[in-house]
Amino acid sequence: MNRLYFLFLFLLISCSNSNQIGVVKNSDNRSLKLVTFINEYVDENYKTLDSIFSDSVHLNLNNRLYKGILKLEDGLELYHQIYSEISIDSQFLCTFYLDDGSIKTFQKVNFITKNKITRNVGSIRSFFEYKWSDGYVVELSVVFDSEILNKEEKLYKNSLKNKPIGN
């Protein structure tokens, strides 16, 4: 299924410009960097962010726009504040090297999460699109079903209101 999804995606990109062809890879340096990024995110380790993402990276998270690597790190940390456990059920990615010089990576990840407040275990399937320039990701678009995340984020924020200040 994953391979069919990416084959469809490749055909869609290829059909948008009939003169454009390229190479698809999934074990190249860029692909491996993004696998490392996702694995480090699960482990709450953000050491490699600045070696992968441009300082001024443009983020599109379900049509909410953000700018900058610090916003990316803030978002990653927020998820770890909401969830006590984040793991990867499955992931698949491939990087498209197009003849016009553009490079894009597409990644599908299924995260398993456990909410810190409700203790509910759930699954969040996410689709990532990375656009590369000069060796860095300059645009990151992520699409996922945000209904559950929004509810759990609201629970988390409400729990902060009820915490005593100080000792």
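In this chain, residues are counted from 1 in sequence order.
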Lys71 atom NZ, over 12 foreign heavy atoms within 6.0 Å: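 12 or below, so no.
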side-chain contact (heavy atoms from CB on, under 4.5 Å) between Phe37 and Leu76, worked out: CA-CA 11 Å; Phe37 159 65; Leu76 298 174; 3.9 Å; yes
To the nearest 0.5 Å, what is the distance between [atom1] ([X]) and [atom2] ([Y])?
X      : Y      : atom1 : atom2 : result
Lys108 : Ser90  : NZ    : OG    : 5.0 Å
Ile112 : Ser87  : CD1   : OG    : 5.5 Å
Lys151 : Lys154 : NZ    : NZ    : 10.5 Å
Lys116 : Glu85  : NZ    : CD    : 10.5 Å
Ile52  : Ile69  : CD1   : CD1   : 8.5 Å
Glu77  : Leu70  : CD    : CG    : 10.0 Å

Are side-chain heavy atoms of [X] and [Y] found at a separation under 4.5 Å?
X      : Y      : result
Ser84  : Arg119 : yes
Gln91  : Val35  : yes
Phe111 : Ile38  : yes
Leu49  : Glu40  : no
Val138 : Val57  : no

Partner of Ser141 by side chain to side chain contact (heavy atoms under 4.5 Å, CB included), out of Asn62, Leu65, Asn60, Asn63: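 When side chain to side chain contact (heavy atoms under 4.5 Å, CB included) is applied between Ser141 and each of Asn62, Leu65, Asn60, Asn63, only Asn60 qualifies.
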Given Trp132, Phe96, Phe128, the one that forms side chain to side chain contact (heavy atoms under 4.5 Å, CB included) with Thr105: Trp132
For residues [X] and [Y]: do they belong to one hydrophobic cluster (side chain heavy atoms under 4.5 Å, members Ile, Leu, Val, Met, Phe, Trp, Tyr)?
X      : Y      : answer
Leu78  : Ile124 : yes
Leu34  : Ile88  : yes
Leu140 : Ile86  : yes

Donor-acceptor contact below 3.5 Å, side chain Asp145 vs main chain Arg125: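 Not at all, since once roles are kept as given, no pair shorter than 3.5 Å links the two residues.
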Exercise: identify the closest heavy-atom pair between [X] and [Y]:
X      : Y      : answer
Asn115 : Ile117 : OD1-N, 2.6 Å
Lys104 : Lys131 : CE-CE, 3.8 Å
Ser126 : Phe144 : OG-CB, 3.7 Å
Ser123 : Asn110 : OG-OD1, 2.8 Å
Cys94  : Ser31  : C-OG, 4.5 Å

Aromatic ring pairing Phe53/Tyr130, orientation class (parallel under 30°, perpendicular over 60°, tilted between): tilted
ring-ring contact (aromatic ring centres under 6.0 Å, His included) partners of residues 57-84, not counting sequence neighbours, each pair once: Tyr41-His80
